[in-house]
> 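For reference, the structure I am asking about is given below.
Sequential numbering from 1 along the given sequence is applied to the chain's residues.
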Amino acid sequence: MTDPRDKAASEAAPLPPATEDFVNWLRKVTPYIHAFSGKTFVVGFVGELVQKGHLTGLVHDLSLLHAMGMKIVMVYGSRPQVEEQLALRNIASRFHNGIRITDAAALEAAKEAAGELRLDIEAAFSQGLPNTPMAHASVRVVSGNFVTARPLGVVNGIDLQSTGVVRKVAIDAVRHALNSNAMVLLGPLGFSPTGEAFNLTMEDVATTTAIALKADKLIFVTEVEGVLDTEGGLIEELQVESAREMMAEPHVPNATRAYMNCLIKSVEQGVARGHLVPFSIDGSVLLELFSHDGVGTMVSQLNLESLREAGFDDAGNIKDLIEPLELDGTLVKRPQDKIERDIDHFSVLEHDGILWGCAALHPYRDEKMGELACLVIHPSWQGSGEGERLLQHIEKRARSQGLARLFVLTTRTSHWFIKRGFQMADVNSLPKDRQKFYDRNRNSQILIKTL
């Protein structure tokens with residue numbers, strides 16, 4: 001006789017709601033952590049972020065990414081800090097077409113602002129107070145004369161003096177620092193081979209660095225909340241071509257256009273993804289990276305979403321996706337090696353390199369029937385119509401193989417299939433070979449659809 005204590009010990013104790021939410025959230029973000037580990041992110045943030053007190057939060061979030069194995073290059077801006085330094089000197093700012101004219105006084109103000117910001121940022125990464133996200137952190141920040149610059153010159157007859165543009169970034173030195181497990185910090189100043197200093201923009205430094213590194217992501221954390229449509233709604237994703245067309249629209253603010261043009265340029269020249277996120281949302285970088293919809297606008301070269309046939313490399317991700325449903329009894333357990341053997345039967349739904357759904361079609365050609373199996377959508381995508389999209393794909397795949405009917409065995413989702421044209425059937429309706437393996441103890445409901 002089985003000792004009832006053994007059964008009790010084998011059953012997982014229910015979790016308090018808050019703890020369960022945390023566990024579910026951590027499981028949801030795990031695919032992103034796997035996908036991003038070892039990747040290179042260039043994060044540019046404006047001086048307004050520091051001015052408005054958001055530096056500590058950003059430092060905590062970037063330290064977390066670093067701890068997860070991501071390689072981080074930070075580029076900071078200093079526009080409001082330069083204005084403050086000029087105001088202290090009773091010197092008025094001068095601009096031409098939105099570009100600062102950096103005379104000798106403005107250059108001194110830019111140096112002062114950049115130096116103070118650099119110290120503030122490095123100090124923020126050095127904190128390690130208990131009961132804070134920086135506890136036990138050991139983050140090393142490397143900065144220096146990585147950026148070579150040249151003067152912007154005379155524009156429309158106006159000499160911009162010490163206002164410059166990036167000529168070159170010492171990428172080998174940056175990579176060496178990243179590979180040594182350090183974070184790299186770049187500022188809005190560059191230097192010429194003759195020792196002159198030039199005032200640069202954060203956007204120019206970050207974009208040039210990301211392109212030279214062939215970074216996986218260029219992320220701008222700014223006062224702009226993203227690209228908005230004519231109704232004021234946030235546009236979450238744009239392909240490069242669509243993004244360029246939208247930037248010609250008159251409703252797009254100049255600040256948004258300036259950031260987006262840099263992101264478009266970076267993606268066109270080899271950066272995998274560009275992101276524009278607001279610093280006004282606490283944790284915006286984490287939300288953009290670790291949630292499906294994000295909180296800003298992402299720019300990519302191609303459509304990030306694909307529904308395709310599975311390959312051998314997908315087997316592990318399919319196992320990770322279906323395992324929670326195997327554990328709760330919704331699905332029959334499938335060993336990894338069985339998934340690998342049957343990989344040609346699977347179709348997968350992928351978004352930005354992350355597997356979010358799968359389904360399998362097992363044909364029984366003699367009876368012109370196919371079994372729809374293992375239809376799974378990640379919890380964060382459920383309710384968005386992706387299950388129906390996968391079903392339609394499997395139906396199309398079945399028709400292309402000359403199959404006339406599709407059947408499914410389910411213990412929990414019969415109503416979902418009935419609403420989509422399936423009808424209840426019995427074991428005798430299954431193909432002969434499938435009848436042999438029907439598990440009567442499981443007592444799955446059988447539904448069939450004529451294609």
Side-chain angles (χ1 to χ4, degrees), residues 42 44-52 75-114 117 147 149-167 186-190 196-211 218-228 243-269 274-280 296-297 299:
V42 176
F45 56 96
V46 293
E48 288 83 354
L49 177 147
V50 180
Q51 185 184 53
K52 295 184 182 298
V75 184
Y76 63 92
S78 62
R79 290 188 186 97
Q81 288 79 13
V82 173
E83 291 297 313
E84 290 173 359
Q85 291 295 328
L86 289 172
L88 289 173
R89 294 168 169 80
N90 294 316
I91 299 172
S93 296
R94 293 194 297 150
F95 293 89
H96 174 66
N97 290 337
I99 302 172
R100 185 185 298 279
I101 300 172
T102 309
D103 56 18
L107 181 60
E108 288 305 309
K111 289 178 180 178
E112 189 77 22
L117 280 169
V147 180
R150 63 174 177 79
L152 191 54
V154 178
V155 179
N156 298 326
I158 304 297
D159 186 359
L160 299 176
Q161 301 185 45
S162 293
T163 298
V165 292
V166 178
R167 180 180 177 184
L186 304 178
L189 291 174
E196 297 172 275
F198 292 97
N199 182 29
L200 311 173
T201 66
M202 174 275 290
E203 299 91 326
D204 182 23
V205 176
T207 302
T208 305
T209 303
I211 292 171
L218 170 59
I219 304 169
F220 284 145
V221 190
T222 77
E223 73 284 6
V224 174
E225 57 184 304
V227 179
L228 307 181
R244 192 171 289 285
E245 291 175 358
M246 180 158 286
M247 290 309 101
E249 296 291 331
H251 77 276
V252 178
N254 288 335
T256 303
R257 186 177 291 111
Y259 294 128
M260 284 296 293
N261 284 339
C262 289
L263 293 176
I264 291 167
K265 175 183 176 181
S266 70
V267 172
E268 286 180 330
Q269 297 189 38
H275 300 260
L276 180 59
V277 299
F279 65 69
S280 59
T297 299
V299 182

> Just verifying a value: how many Å separate Arg94 CZ and Asp103 CG, rounded to the nearest 0.5 Å?
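Arg94 CZ to Asp103 CG: 5.0 Å, rounded to 0.5 Å.
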> Taking side chain as C-beta onward, heavy atoms only, is Glu108 less than 4.5 Å from Lys111?
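Glu108 reaches Lys111 side chain to side chain.
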> Tell me every residue that passes side chain to side chain donor-acceptor pair (under 3.5 Å) with Arg150, counting only those two or more places apart in sequence or in another chain.
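Scan of Arg150 (side chain to side chain donor-acceptor pair (under 3.5 Å), adjacent residues dropped) gives none.
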> Ignoring hydrogens and angles, state whether a donor on the side chain of Thr163 or Thr102 is under 3.5 Å from an acceptor on the partner side chain.
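There is such a pair between these side chains.
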> For the OG1 atom of Thr256 and the CE atom of Met246, what is their distance to the nearest 0.5 Å?
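Thr256 OG1 to Met246 CE: 11.0 Å, rounded to 0.5 Å.
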> Could I get the full list of ring pair (Phe, Tyr, Trp, His ring centres under 6.0 Å) partners for Tyr259, not counting sequence neighbours?
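In terms of ring pair (Phe, Tyr, Trp, His ring centres under 6.0 Å), with neighbours along the sequence ignored, Tyr259 is linked to Phe220.
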> Assess whether side-chain contact (heavy atoms from CB on, under 4.5 Å) is satisfied between Ile99 and Val155, documenting all intermediate values.
CA-CA 10 Å; Ile99 302 172; Val155 179; 5.7 Å; no
> Do you know the tightest heavy-atom contact between Ser93 and Leu86?
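Heavy-atom minimum between the residues: OG-CD1, 3.3 Å.
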> I need the minimum non-hydrogen distance between Thr207 and Cys262, along with the two atoms involved.
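Heavy atoms of Thr207 and Cys262 come nearest at OG1-CB, 3.3 Å.
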> Checking the side chain of Arg79 only, and the main-chain atoms of Val46 only, is there a donor and an acceptor separated by less than 3.5 Å?
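Judged by distance alone, no pair lies under 3.5 Å.
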> With sequence neighbours excluded, tell me which residues meet side chain to side chain donor-acceptor pair (under 3.5 Å) with Arg89.
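For Arg89, the residues satisfying side chain to side chain donor-acceptor pair (under 3.5 Å) (neighbours in sequence not counted) are Gln85.
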> For Asp159, check salt bridge (charged side-chain N to carboxylate O under 4.0 Å, His left out) against everything at least two apart and list the hits.
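For Asp159 there are no salt bridge (charged side-chain N to carboxylate O under 4.0 Å, His left out) partners, ignoring immediate neighbours.
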> How close do Val205 and Gly187 get, counting heavy atoms only, and between which atoms?
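Heavy atoms only, the tightest pair is CG2-O, 3.9 Å.
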> If you define the side chain from C-beta out and look only at heavy atoms, does anything of Leu263 sit under 4.5 Å from Leu276?
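Answer yes - side chains close enough.
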> Decide yes or no for Gln161 and Asn199: does some side-chain heavy atom of the first lie under 4.5 Å from some side-chain heavy atom of the second?
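A side-chain contact is absent here, since even the closest heavy-atom pair is not under 4.5 Å.
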> Please enumerate all residues that pass salt bridge (charged side-chain N to carboxylate O under 4.0 Å, His left out) together with Glu83, with sequence neighbours excluded.
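Only Arg100 meet the salt bridge (charged side-chain N to carboxylate O under 4.0 Å, His left out) criterion with Glu83.
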> Could you work out, with ring pair (Phe, Tyr, Trp, His ring centres under 6.0 Å) as the rule, every residue matching Phe279, not counting sequence neighbours?
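Once residues adjacent in sequence are excluded, the partners of Phe279 under the ring pair (Phe, Tyr, Trp, His ring centres under 6.0 Å) criterion are His54.
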> Among Val147, Val165, Leu152, whose side chain to side chain contact (heavy atoms under 4.5 Å, CB included) with Asp204 holds?
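Per the side chain to side chain contact (heavy atoms under 4.5 Å, CB included) rule, the option paired with Asp204 is Val165, out of Val147, Val165, Leu152.
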> Identify whether the distance between the nearest side-chain nitrogen and carboxylate oxygen of Arg167 and Glu196 falls below 4.0 Å.
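No salt bridge links Arg167 with Glu196.
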> Which atom pair, heavy atoms only, marks the closest approach of Ile101 to Ala106?
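The answer is O-CB, 4.0 Å.
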> Does Glu112 have any side chain to side chain donor-acceptor pair (under 3.5 Å) partners at least two apart in sequence or in another chain, and if so, which?
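Scan of Glu112 (side chain to side chain donor-acceptor pair (under 3.5 Å), adjacent residues dropped) gives none.
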> Who pairs with Arg244 by salt bridge (charged side-chain N to carboxylate O under 4.0 Å, His left out), at least two apart in sequence or on another chain?
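By the salt bridge (charged side-chain N to carboxylate O under 4.0 Å, His left out) rule, Arg244 matches Glu268.
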> Taking only residues two or more places apart in sequence or in another chain, which ones pass side chain to side chain donor-acceptor pair (under 3.5 Å) with Glu225?
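Glu225 satisfies side chain to side chain donor-acceptor pair (under 3.5 Å) with no other residue.
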> At their closest point, which heavy atom of Val299 faces which heavy atom of Met260, and how far apart are they?
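Smallest interatomic distance, heavy atoms only, reads CG2-CE, 3.4 Å.
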> Under the side-chain contact (heavy atoms from CB on, under 4.5 Å) rule, collect the residues that match up with Gln51, sequence neighbours excluded.
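With sequence neighbours excluded, Gln51 shows a side-chain contact (heavy atoms from CB on, under 4.5 Å) to Glu48, Pro80, Gln81, Glu84, given in chain and number order.
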> At what distance, to the nearest 0.5 angstrom, does CD1 of Ile211 lie from CG of Leu218?
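Between atom CD1 of Ile211 and atom CG of Leu218 there are 8.5 Å.
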> What residue among Val166, Leu186, Leu200 forms side chain to side chain contact (heavy atoms under 4.5 Å, CB included) with Thr208?
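Only one of Val166, Leu186, Leu200 forms a side chain to side chain contact (heavy atoms under 4.5 Å, CB included) with Thr208, namely Val166.
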> Check Leu107 against Ser162 and note the closest heavy-atom contact, atom names and distance.
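Nearest heavy atoms, Leu107 then Ser162: CD2-OG, 3.8 Å.
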> For His251, give me all partners under side-chain contact (heavy atoms from CB on, under 4.5 Å), at least two apart in sequence or on another chain.
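Only Thr230, Glu249 meet the side-chain contact (heavy atoms from CB on, under 4.5 Å) criterion with His251.
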> For Lys265, what residues pass the salt bridge (charged side-chain N to carboxylate O under 4.0 Å, His left out) criterion, not counting sequence neighbours?
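Scan of Lys265 (salt bridge (charged side-chain N to carboxylate O under 4.0 Å, His left out), adjacent residues dropped) gives none.
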